[in-house]
Amino acid sequence: MSRVENRLNATLAKRRWKPAATPLRRRLVLLEMLGAVAGCVGGYLLFIDPVRRFEVTLASRIIDLLGVDRVSGALGDGFVVFGPNLEPVVAEMTGSCSILSSVLALAALAVVALRQRPQALAGFLAAAVFVLAANQVRLLGSLLTGRYFAVDALVFFHDWIGAVLNFAYTLIGLLIMIGLTMYDAQRAEQDRTGRHTADRPAAWARPGLGHRVPVEDTREPGVQITAVVYRRILPKAVSRRLARRREQRRIDYRVGHETPARRAEIIRELAGKGLGVHTATLLAVASYETDPLVLDTLAGVVAARQWEPIAGGDVIALRLWARAWLMRAPRQRSVAETGRLVAVTGAGGPAGVAVVKALQAAGDHVLALDADPDAVGLRLAGRGAVLPRADHPGYAEALLAVLDEHRPAALICTVAEEYAALAPLISAMDERGVRTWLPDPATAERCLDKVAFARTMHAAGIPHPATAWTPATVGLVPGPWVVKPARGRGSRDVILVDDPAALGHAFASVPGAIAQTRVTGREFTADALVGPDGTLLACVPRWRDETRGGTSVRGTTFTSVAVTETVAATLRAVGLTGPANVQGFVGDSGNVTVVEVNPRFSGGLPLTLAAGADVVGAYLAAVLDPSAPLPTLGFQPGVRMARHFAEVYYAADGTPVPDPLDPVTCSVPDFPAATPGVPSPSAPGSGPASLQTPSPVRAEHSDPAGSVAANGPAAYRVPGELLAAAR
């Protein structure tokens, strides 16, 4: 017990030396007051003489400018004044007559009480200038009274009227400093009653940009000087510049152009000042905002301020809207949500669209990324962002900024040409919690460069067309020929040559061309997935029954041991892991020839998924947990695909427009932005959804089929699929 008692006594002894919060604050306030007093006294002793001489010199020059005689400041720290009867008097400039004590007091208040505000220095300087000017008026009044009336009048004016003026202008200087320092540059576009009074173009009616109620014109009839100056006197360029500066300072103008996370932060700041202060802006967000995160934030801050008194009908409407939003019914989902957000690059291509739809069908939320603002994947996914091209210098910075904003759990790249730009960012993505799985850059380059791929195939002994990539060796390749770029995709710049005389011209007309012997037989494509250890997890070959623009529009899955073995040997030769798309031909005798390998998901991926091989799900599982064992995927042969076109409609501002013919919605709603303190939905119906809530305020919520706002044409076509099992 003695050891416990000793430790307890020691702890209590230590705590006795630590003051509580209130006494500590009192001591700090006392120290600040003592410091202010010491600063005022020290400043007075140091600067009183030079300040007195400065004020005497300034008043003397003003007297000379006014043309008043018989008043002189030649003494330096006082005035010689001759009255009406030429009786002389020496008016000494004492310390009580100087502005120094008032200026020091204002400086002490600015340092002690207002130092945390950036406008404190400007407010103090304005107050000091006003005190100086007012004290000069006091001095001039005293000197002129003695000059024109009597010497005794000078003393009376200075001692009595001057004392009142000294108190008055010091107090006014204090009010000027406080007013300028406490001024908030943010201005809401509303009057004292909360009415929105902005007169702005209708084209500015974007989310969060305008809640406008009818306002009666209460201005008095007559000429408005400010309007005349803006419209008639100032040049138009100057007037427009001043108008832009005035608009940029308004709160709701900034809210509508910020990111969802930043808009939510601004909403918290505005609501923290009181629901009756920025009511119009908060109503604007409730009326025109479409992002669920911002709406959740607004409803939460309104619900947290129920203790505030009701300031008007707008506050009541705001509270009713928040109650309806928080009590909205959960939406029924066809699949259970995983709560994950997965980023997909190349969302405008067929492979990107297929991956987006596959992830959503599995219950994942998707962040679509593409360089084209009109990419269809930006509308199919719950969230989207436009990035520069992978070869742009700002690609890395833009991608990391998007990942910082949305914080996806994984990133799937569907554009093989982006691997080189993404590889240096793997560590930066890992720091942000974004997992990805990219093939080795040298392996990807070996597949993308058809010359390097041909060398690899010939070295491994895998059947591959005879290939020439120099004009000197073109004639050695047996015909007929196919001439195409060494680095190309989508059947671009592909020329079929039958006449040997035309081979040289075709080779010269294609940039970076190669010439290959044209392979005969039945064309196939095999979707494959290779594990991190090189194990072939899936190989789904399909006949390319019909192609358009290099993309299969009709196909049929089939089984073939020869094709599977050749595909496996090809992927081992190039050393590729992850998704792959192997293209080739099966001859009449059953021989298999590989033409090329795309180190990515293919545009015909939906047929592979429909046949039962979930290569997207297996790939995502490996991305999220590289150490987890991956199963071998089987598939159903004989599944046929007939691809058609489907339409997605959206307005000029990017909001979705319902399909009047066959509306189809995705099974996964919009995914809220990853913000600290905001939980992510993990169960069906738990996330913010596209709902119509009973509310006195119009609340338009995003359509789960596509909610990313981007400018573009009214409609465009995207590939769709019709899948059926062959009988």
Side-chain angles (χ1 to χ4, degrees), residues 116-119 182-198 200 204-213 215 247-328 405 670 672-680 687-689 691 693-702:
Q116 295 182 349
R117 289 185 170 267
Q119 305 97 330
M182 302 299 289
Y183 170 73
D184 191 353
Q186 296 179 342
R187 294 186 298 140
E189 295 175 307
Q190 59 189 37
D191 57 14
R192 293 182 179 179
T193 62
R195 297 178 301 176
H196 200 281
T197 58
R200 55 176 45 177
W204 287 10
R206 297 182 182 178
L209 280 186
H211 172 76
R212 206 164 44 217
V213 298
V215 178
E247 289 294 336
Q248 289 173 355
R249 295 169 58 190
R250 291 190 166 124
I251 293 173
D252 58 352
Y253 182 83
R254 292 198 312 274
V255 171
H257 289 78
E258 297 286 351
T259 61
R262 177 58 183 156
R263 292 206 299 272
E265 181 181 352
I266 294 175
I267 292 304
R268 294 190 190 96
E269 295 176 358
L270 298 184
K273 299 178 181 179
L275 299 181
V277 178
H278 299 296
T279 313
T281 301
L282 299 179
L283 281 173
V285 175
S287 301
Y288 300 104
E289 180 62 65
T290 58
D291 193 280
L293 169 65
V294 183
L295 294 174
D296 283 344
T297 302
L298 176 60
V301 296
V302 172
R305 305 188 70 85
Q306 293 296 316
W307 52 269
E308 290 188 11
I310 297 177
D314 287 343
V315 175
I316 296 176
L318 193 62
R319 288 180 173 176
L320 291 176
W321 171 86
R323 182 177 183 272
W325 177 259
L326 294 175
M327 295 180 63
R328 64 193 185 278
E405 178 183 353
D670 295 342
T675 303
V678 179
S680 298
L691 303 170
T693 58
S695 168
V697 182
R698 182 176 63 86
E700 296 179 354
H701 310 301
S702 54

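- Checking Ile267, Leu270, Leu318 one by one against Val285, the side-chain contact (heavy atoms from CB on, under 4.5 Å) holds for a single residue, Ile267.
- The nearest pair of heavy atoms linking Ala322 to Val302 is CB-CG1, 3.7 Å.
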key: Audit row: Arg319, Gln306, side-chain contact (heavy atoms from CB on, under 4.5 Å) steps and yes/no   = CA-CA 8 Å; Arg319 288 180 173 176; Gln306 293 296 316; 4.0 Å; yes

| request: Apply side-chain contact (heavy atoms from CB on, under 4.5 Å) to the pair Trp321 and Leu295, showing each step before the final yes or no. | output: CA-CA 10 Å; Trp321 171 86; Leu295 294 174; 3.8 Å; yes

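- Atoms CD1 and CG, from Ile266 and Leu298 in turn, are 13.0 Å apart once rounded to the nearest 0.5 Å.
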